[in-house]
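Step one of this worksheet: look at the structure below.
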Amino acid sequence: EAGVAQSPRYKIIEKRQSVAFWCNPISGHATLYWYQQILGQGPKLLIQFQNNGVVDDSQLPKDRFSAERLKGVDSTLKIQPAKLEDSAVYLCASSLDWETSYEQYFGPGTRLTVT
Amino acid sequence: GNSVTQMEGPVTLSEEAFLTINCTYTATGYPSLFWYVQYPGEGLQLLLKATKADDKGSNKGFEATYRKETTSFHLEKGSVQVSDSAVYFCALSSSSGNTPLVFGKGTRLSVIA
């Protein structure tokens, strides 16, 4: 079974530029999550989708971050404009459905460096 | 709100040594508890879980027991190997469905031959 795919793996941008990350969850997984993992900290949930609807985006900085999951499969996370403090690893995860949200499968992450 | 506190790293051990990584939590109700592991260059993987008090989760020689009286879920392994070198995250999920995982800050383990 293929795992969660993310791209790119690494990205370096200057502050005030925009960037987008892509995630393809495990086939058949209805629930998709985006996390931000700052160096030395645990992952922090940014947004959770159930199919193509947003379940929880309470910790998403909506003035600069946006995410979508069209057709309930792939998802993109965008930052515009980026700030220095956005430097982090962005993790995508998926689970079969919301009832098994504890059993999440994570992608390798995208490491973002903002200079 | 819910939170997880785990011991600061890094932890460096010799091969075959005994490992303990402490984890305590704060939560309302009866959360489910997890240990995730992140090997170098890879994504987070679920290592083990326990969903109710006194449950013991185990996998790959690692164990953790859900202790409600001490609000703890310490990770242990009797004899570590070099291949266990990774970052270990303790996490919890509220007892109700559809709630996000809350992670600790992670503990880096290095095992030397």
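Labels below follow one simple rule: chain letters A, B, ... track the order of the sequence lines, proteins then strands, and each chain is numbered from 1.
- Annotation: the span from Tyr105(A) atom OH to Leu46(B) atom CG amounts to 7.5 Å, rounded to 0.5 Å.
- When all heavy atoms of Tyr36(B) and Gln104(A) are compared, the closest pair comes out as OH-N, 3.5 Å.
- With hydrophobic clusters built from ILVMFWY side chains whose heavy atoms lie under 4.5 angstrom apart, Trp34(A) does not share a cluster with Leu91(A).
- Linking ILVMFWY side-chain heavy atoms closer than 4.5 Å, directly or via other members, places Phe65(A) and Trp22(A) in two distinct hydrophobic clusters.
- Residue-environment remark: CD (Glu8(B)) stays at or below the threshold of 12 foreign heavy atoms within 6.0 Å.
- Using a 4.5 Å cut-off between heavy atoms, Gln6(A) makes no contact with chain B at all.
- Annotation for Tyr39(B): atom OH counts as buried by contact number, over 12 foreign heavy atoms lying within 6.0 Å.
- Under the 4.5 Å side-chain heavy-atom criterion for ILVMFWY residues, no single connected hydrophobic cluster contains both Phe106(A) and Leu32(A).
- The 12-atom threshold is exceeded at CG of Leu84(A), counting heavy atoms of other residues, nucleotides or ligands nearer than 6.0 Å.
- Only the side chain of Gln38(B) has a heavy atom closer than 4.5 Å to any heavy atom of chain A.
- Within the 4.5 angstrom heavy-atom criterion, no atom of Arg111(A) approaches chain B.
- The two residues Phe89(B) and Gly42(A) come nearest to each other via the heavy atoms CE2-CA, 3.7 Å.
- Interface remark: of the candidates Pro43(A), Gly109(A), Pro108(A), Gly107(A), Pro43(A) forms the most heavy-atom pairs closer than 4.5 Å to chain B.
- Here the straight-line distance linking atom CG of Leu101(B) with atom CG of Leu45(A) works out to 8.5 Å at 0.5 Å rounding.
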